[in-house]
Amino acid sequence: MQTDLHLFAAAILLPLAGAVVAGLGGRLMGDTLAKAVTLLCMGAATVCGIGALWGGWTSGFGPYAVPLADWVNAGGFHATWTLRFDTLSVTMSAMVLCVSLLVHCYSVGYMSHETMPVYRFFAYLSLFTFAMLMLVSSSDLIQLFFGWEGVGLASYLLIGYWYDRPAATAAAIKAFVVNRVADLFFIVGIGLIYVLFHSVRYDEIFAAVPQAAGAFYTLFGHSFPMLEVICFLLFIGAMGKSAQLFLHTWLPDAMEGPTPVSALIHAATMVTAGVFLMARMSPLLEVAPNTRLFIIFIGATTCFFAATVGMVQPDIKRTIAYSTCSQLGYMFAAVGVGAYQVAIFHLTTHAFFKALLFLGAGSVIHAMHDEQNMFRMGGLWKKLPLTYGVMWIGSLALAGVFPFAGYWSKDAILNALWAADGRMSHYAWMLGVITAFLTAFYSWRLLFLVFHRAPADVQKRDAAHESPLFMSVPLVLLAIGAVVSGLVLAPYYIGAQQSAFWQGSIFNAPGNTIMETFEQVPGVVALLPSLVALVGIALAFLFYIASPGLPEALARSCGPVYRFLLNKWYFDELYEHIFVKPYAAIARFLWKDGEEGAVEGLPRDLVRATASGAVDAVRLQTGSIALYAFTMLAGLVVVLTVALCG
Amino acid sequence: MSHALLALITYGPLAGALVVWLVCRGEGQSLLARWVGLGTSLGVLALSVGLWCSFNPATPGLQFETRLGWVTDAGISYHTGVDGISLVFILLTAFLTPLAIAAGGRTVRTQMREFVVAMLLLETALFGLFSAQDLLLFYVFYEATLIPASLMIGIWGGAKRVWASLQFFLFTFGGSLFMLIALIVMWQQAGTTDIPALMQAGFAPSLQGWLLLAFLLAFGVKLPLFPLHAWLPDAYSEAPAPASAMISGVLSKAGAYGLLRFGVLMFPDAAHLFAPYVLGLGVVAILYAAFVAFAQTDMKRVIAYSSFSHMGMIAVGLFTLTAEGIDGAIFQMLSHGVVIAALFFCVSAVALRTDTREISALGGVARQMPVLALLTMLFTMANIGLPGTGAFVGEVLVLMGAIHVSFWVALLAGGTMIMGAVYMLSLYRRVLFGGLRDTMHLLRDLSMGEVAVLVPLALVTLWMGFHPGSFTRLFDPVVMQAMHHGAVTASASSVQTTLHLAAR
C-alpha cells in the first residue's frame, strides 16, 4: 500500500519538477533538452500514476491521505498540503496524466516550426498538468482552490502564448477574468462551508453533513437551507471553469491558443474540473435537491445552446469548442439527477475523443499552414489519410454510435435523465436528444467540409502533408481510447460493479436509486439517441455532399435565425454593453470626477482658502493710526454698553 | 545580550547614517555611501533574523524588553519590546530596506549620500515605532518617519514632487494631531503612557469611542482609509521607486499596525461599535480604488491605486474582529509590503529604460526583457491573489473572517479578486505584451543588480504562499489570545448552528 501512495505522490509532483526545470533553465539548456526533460517527467509521472491506479485496484482504494506539508494554519483556520488517495482522485489523475503525456508528445511535432524558443510552452503545459493533478488529488477545499486557480493561471499563460497577437492576449484575459468571476462565488461558498463546519477538509465536512442539514442562512431577507446556498455557490464556481451558459464566453475565444492547448485544457481536463467538483461534493449535493434542479436546467440548456451555435461556425476549432461546451452540459445534467458516476464516465470517455478531435483538427491546421476556416479547406482525405481516419473515429465516438466510447456514456446520461422522472429531467432529456441530433450533424459537417468537399484552394490542398511521427502516435493512441474506453470502463464506472469500484468516493444518498434504475428504460427511449444521430449524419450528407447549395439557401431564407446562431446568441455583444463598457465608463467617471474632482480637489481648495484668507488678513493691516483708533473706540463703546446695560 | 539585540537593530541604521554622513563627504563618494548603507542594512537584517530565531512564539507577552526611565514622574518611560506582531513588521522593514537602498543605485542620480542617510533614518524610525511599548515613544517615532519620507519625495521625486511631498507631510501630520490629543487624554486618565498598562486601564465606554475615533483618523490617513487618501496617488507616483516601495511597503503598514494595536486590541468594545462603518469604508476603498486603477494612464499610478485597494482589504480584515480576519490582515500587510515594493521596482525598471510611465507609449517589452516579464508576471499574480503566493493566504483568511460577519462584506470585498485581475492583467498586457513599439527593440533586460533586488522578493513571495506557517506561528498566538479574551461573548451570539455541531 505504501508504495502506491509514494507512486501517487511522485505522479503528482513530477510534472512540477519538469515545469520548473524547463521553465527556469530552458534558456540555458536549450529547447531540445527542455522538451526532453518535460517529456521525461511526464512519462515517468504517467507510469507512476498508472502504477498507483493498478495498486489501488488490486489492494483497495482507501481513502488514504498522503500528507506533504502544513499550509495555512492561523486563527483556527487550517488547510494542509495533503494528497487524497481514493478511486475518484486516482482514476482522474491517471486520465489527466495519459492525455497530458500524449499532448506533450504531440506538441513536439506541432510546435516544431516556431521561430521563438518553445521551452516556455512545455513548461506551461507541465505546470498546467501539475495544477490539474493538485486539483483532483486535493483533500481539502483550499488545496482544490489552489489547483483550480493554478489551472486558470496556466490556461491564461497558454492562451496568450503568442503574446504579440492582440486577439490572443485579449482572449487570455477574458478567460482569466470570467473564471475569476465564478471563483469569487466559489471561495465565498467555501467560506460558508467553513462557517458551517469549522473545517474545509472533505472528511470532516462529509461526516458532519447529517447534523448540518437543518441549518438555515438568511439572504435577501429570506431564510434558505444553508447547504442549498453553499451548493449553489459552488456550482457557480463550476459553471465558470466548465464554461456553462452565461459564463461560457471565454471558451470559444480561448481557441486563440496553440491547438495542443485546446486539446489539453479546453477539452480533456481543465473544463471538466467543474464536473469533478460536483462529483467530489456529492455528499453535499445529495441534500440540496433544489440546487440540483438548477444544475439540470443550466446543463441541459447549455448542451442545446452550444450545439446550435456549433452548427454554423466556420472555424474548425470553434466548432469543436462549442461541442465541448455542449458535452459538458450533458455531464452537468447527469450530476443534476444524482448520477455522478455517469457524469464522470462521460467525462473520461469525452477526454479521449475530444482530445482526439482537437489534435486531429490541429493536424489539419498544421497541414494547411494555420488555416482554420473550414470553408477554405476541402478534399483533404487523400492527403491526410491517418488524420481522416482518426477524425472519423472521434466523430463516431462523439455522436454516440455503437460501439464507440460516446455511445456508452451519452446513452447512459440520457437514460438517467429519462429514468429520473421529474419535470426538469424530462426537459433535459428532450434537449439532450435534440442535441444528439445536432451533434451528429455538426460533426459530419466538419468531416465533409474539411475532407470531402471540392477543395477551395487546390494548391494548398496539394501542398498538405501528413503530420510527423510525434503527432501521429498520440492520434493513434487516443483513437484506440476513443474506440474501446466506453466498452471497457462501462462495467466499472456505471455498471454492476460500480459501487465496488467507487468505494464510496462518490456518494449516493440512500433514497437516490438512479444508479440502479437508469438502465430500465423503454427500448424506444434507449434507441432514440442513436437513431437521431444517424439522421443527423444523413442530413449533413445531404447538405454538404448531395446538394451543397442547400445550406446557403437555407441561411438566406432564415437570415435572422442564422445570424443569431452565427453570432453565438449575441452573448458577447450583450456582455460588452452591460459589463465591459459600463465598467470602463464608471472607472473613468470615478477617476475624473470622484478622484481628481472631489478627493484631490479638497486639499487644493484648502490651500487656496488658506492663501486667500491670509491675503485678506493682510489687507486689514492698513497702517492708518486713525482707523485703528476708531476701531478701538467702537470696540470700547460696545464693551461698555454690554457691561453697563447688559 | 537579548536586550542589546533589539537596541542594536533599532539604532544600527542610525549609526550607519552617521558614518555615511561623516565619512562619505566630497565628490565621487556616492558609491561608497551606497555600499556603507547597504552593508549596514544587511547587517541589521542579519541581526533581525537572529531576533527571529531567538524569539519564542510559545511565550505570550513581550520579549527582549527594555525599560529605561524617561519622564518617570509622569509615568513615561523608554519602554521597548517585541511580541509576535511587532516582530514580523521588524522583519519586513529589515528585509525591504537593503533592497530599497540597492534599487536606489539607478533611480537616484544626485545626492546619493543624503539619500542613503534618509533611508537609514527611516529604518531606525520604523524599528523604533514597531518596538515601542510606550505610547509617547510610539508617537515620537511615528512622527520621525515623516521627515525622511517627505524629504525623499521632495528631493528625489518626479516633476510634481514638491506638491506631493507637502501634501504627504500635511495630511499625515494633521492626522497624527488627533493621536496626540488621544495620547494626552489617555495620559490624563491613566497617569501613564505605558502601552501594556493602557491595555488594562479600562477606559469608560464613551471615552473609548472618542479615543478610537481619534486613532482612526490618525491611522486612517496613513493607511489610507477612504476618503482620506488624497495624498496617496501623488506621493506614490512622484516618489523615486525605492521611496515608493518603502512608503507603500512599510510606512503604510505602520498605519495598519497602529490601527490594530490602538484600535482593535486596545478598545475592543468601541471597535465592535465602529466595525460596521470601517468595514463599509474598507469595502468602498477596495472597489473604488480598483475602478480608478483601471482608468489610469500612468503605470505607477495603477500600482499606487492597487496598493490603496489592498489596504482596504486590510482594514476589512482588522475590523471583522475575528481571529481569522485579523491574522489574515496581518499576513496581508506583510505580503502586500513585499509584493507592492516589487511591483514599484518592476515599473521603475521599465520607466527608467523608456523614459516614460505612460502606458500608451509602451508595448511589447516582454520580447526584449524576458527576465523582467517572468518576475513581473509572478508579482502581478501575487497582487491578484493567486494561491501559491502570500497574498492569497492573507486574502483567504480575511474572507473567512469576513464571512463570519456578513455574506455581503465577503462577497464585495472579494470583488478585488475580479477587479484586481482586470486592472493588473490589462496593465501587464498593454506594457509587456503586444508588438514592439518604436524604440522598444533597444531595451536591455534587467541588470544583475536589479535581478538581485527582485529575486529575493520573488522567493519570499513564494515562501509566504507555500509555507506561511513560518510567519503566522509568530503572531497567531497573540491574536488568538486577544480574540479569545473577548470571543466568549461574541461567539455566544454568533451562528446558532455552530452549537449543535460543537456538541457532537
Side-chain angles (χ1 to χ4, degrees), chain A residues 27 69-77 81 142 145-146 148-150 152-153 156-157 160 163-164 166 169-170 172-173 176-177 180-181 183-185 187-188 190-192 194-198 208 211-212 214-217 219 226 583-584 586-588 590-592 594-595 598-600 602-603, chain B residues 167 170-171 227 229-231 233 288 291-292 294-296 322-328 331 364 366-367 370 381 386-388 393 396-397 399-404 407 410-411 414-415 417-418 421-422 425-426 429 433-435 466-469 472-473 476 479-480 483 495 497-498 500-501 504:
Chain A
R27 181 184 285 273
D70 206 18
W71 190 14
V72 187
N73 187 2
F77 182 85
W81 298 109
I142 298 294
F145 195 73
F146 168 82
W148 192 266
E149 295 283 281
L153 167 70
Y156 164 80
L157 294 172
Y163 57 77
D164 39 9
T169 51
I173 292 185
F176 196 89
V177 170
R180 271 263 153 152
V181 172
D183 295 349
L184 170 60
F185 291 92
I187 194 88
V188 172
I190 295 176
L192 282 182
Y194 178 62
V195 169
L196 184 59
F197 297 99
H198 297 283
Q211 291 96 316
F216 281 85
Y217 196 73
L219 275 182
M226 195 150 171
Y583 189 93
I586 291 173
R588 210 172 154 67
L590 286 181
W591 179 36
K592 286 292 174 197
E595 193 66 11
V599 177
E600 289 182 24
L602 185 73
Chain B
Q167 242 185 330
L170 287 180
F171 259 88
H229 64 274
W231 60 271
Y288 174 85
F291 267 124
V292 177
F294 180 65
Q296 296 304 306
T322 57
E324 295 92 341
I326 294 175
D327 271 335
F331 200 81
R367 188 170 287 263
M381 285 300 160
L386 205 79
V393 178
V396 86
L397 284 172
L399 288 181
M400 294 301 145
I403 194 126
H404 277 99
F407 178 82
L411 192 72
M417 276 177 59
I418 304 168
V422 171
L425 292 183
S426 74
R429 175 192 176 197
F433 286 161
F466 282 94
H467 198 262
T472 52
R473 71 185 190 91
D476 186 45
V479 173
M480 287 299 262
M483 283 300 110
V495 202
T497 52
T498 58
H500 69 256
L501 279 174
R504 77 192 153 80

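Lettering follows sequence order; numbering is per chain, from 1. The structure presented is a predicted model; accordingly, all values stated were derived computationally and were not measured. What you see below is based on every heavy atom in this structure, not just the backbone, and it leaves out hydrogens, waters and symmetry mates.
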- Query: Under 30°, 30 to 60°, or over 60°: which ring-plane class applies to A:W81 and A:F146, parallel, tilted or perpendicular?
  - Reply: perpendicular
- Task: Give the ring-plane orientation class for A:Y156 versus A:F176, where under 30° counts as parallel, over 60° as perpendicular and anything between as tilted.
- Result: perpendicular
- Distance (rounded to the nearest 0.5 Å) between B:M400 CE and B:D327 CG: 13.5 Å
Search all heavy atoms of [X] against all heavy atoms of [Y] and return the closest pair with its distance.
X	Y	result
B:M480	A:G76	CE-N, 3.9 Å
B:Y288	A:G594	OH-C, 3.6 Å
B:P387	A:E149	CD-CB, 3.3 Å
A:G75	B:D476	N-OD1, 2.8 Å
A:W71	B:F466	CD1-O, 3.5 Å

Checking [X] against chain A: side chain, backbone, both or neither under 4.5 Å from a heavy atom?
X	answer
B:M417	both
B:L425	both
B:L399	side chain
B:F331	neither
B:Q167	side chain
B:R367	both

[X], part contacting chain B, at a heavy-atom distance under 4.5 Å:
X	answer
A:A584	both
A:I190	both
A:Y217	side chain
A:A172	neither
A:L602	neither

For chain A, the option from [options] that forms the most heavy-atom pairs under 4.5 Å:
options	result
B:I418, B:I326, B:T322, B:L397	B:I418
B:L411, B:T472, B:V396, B:L170	B:L411
B:G328, B:S426, B:P370	B:P370
B:A421, B:G469, B:A402, B:P468	B:P468
B:V393, B:V292, B:V479	B:V292

- Task: Check the pair B:L386 / A:R180 against side-chain contact (heavy atoms from CB on, under 4.5 Å), numbers first and verdict last.
- Result: CA-CA 10 Å; B:L386 205 79; A:R180 271 263 153 152; 3.9 Å; yes
- Given the rule in the side-chain contact (heavy atoms from CB on, under 4.5 Å) test, do B:H404 and A:V195 qualify, once you have shown the distances and angles that lead to the verdict? CA-CA 6 Å; B:H404 277 99; A:V195 169; 4.0 Å; yes
- Note on the structure: Max heavy-atom pairs within cutoff under 4.5 Å with chain B, candidates A:F77, A:W591, A:F185, A:W148, goes to A:W591
- Note on the structure: Looking only at A:V72, A:T169, A:D183, A:L192, most heavy-atom pairs under 4.5 Å shared with chain B are made by A:T169
- Answer with yes or no after comparing the ring centroid distance for B:H229 and B:F171 against a 6.0 Å cut-off, counting only values under it. no
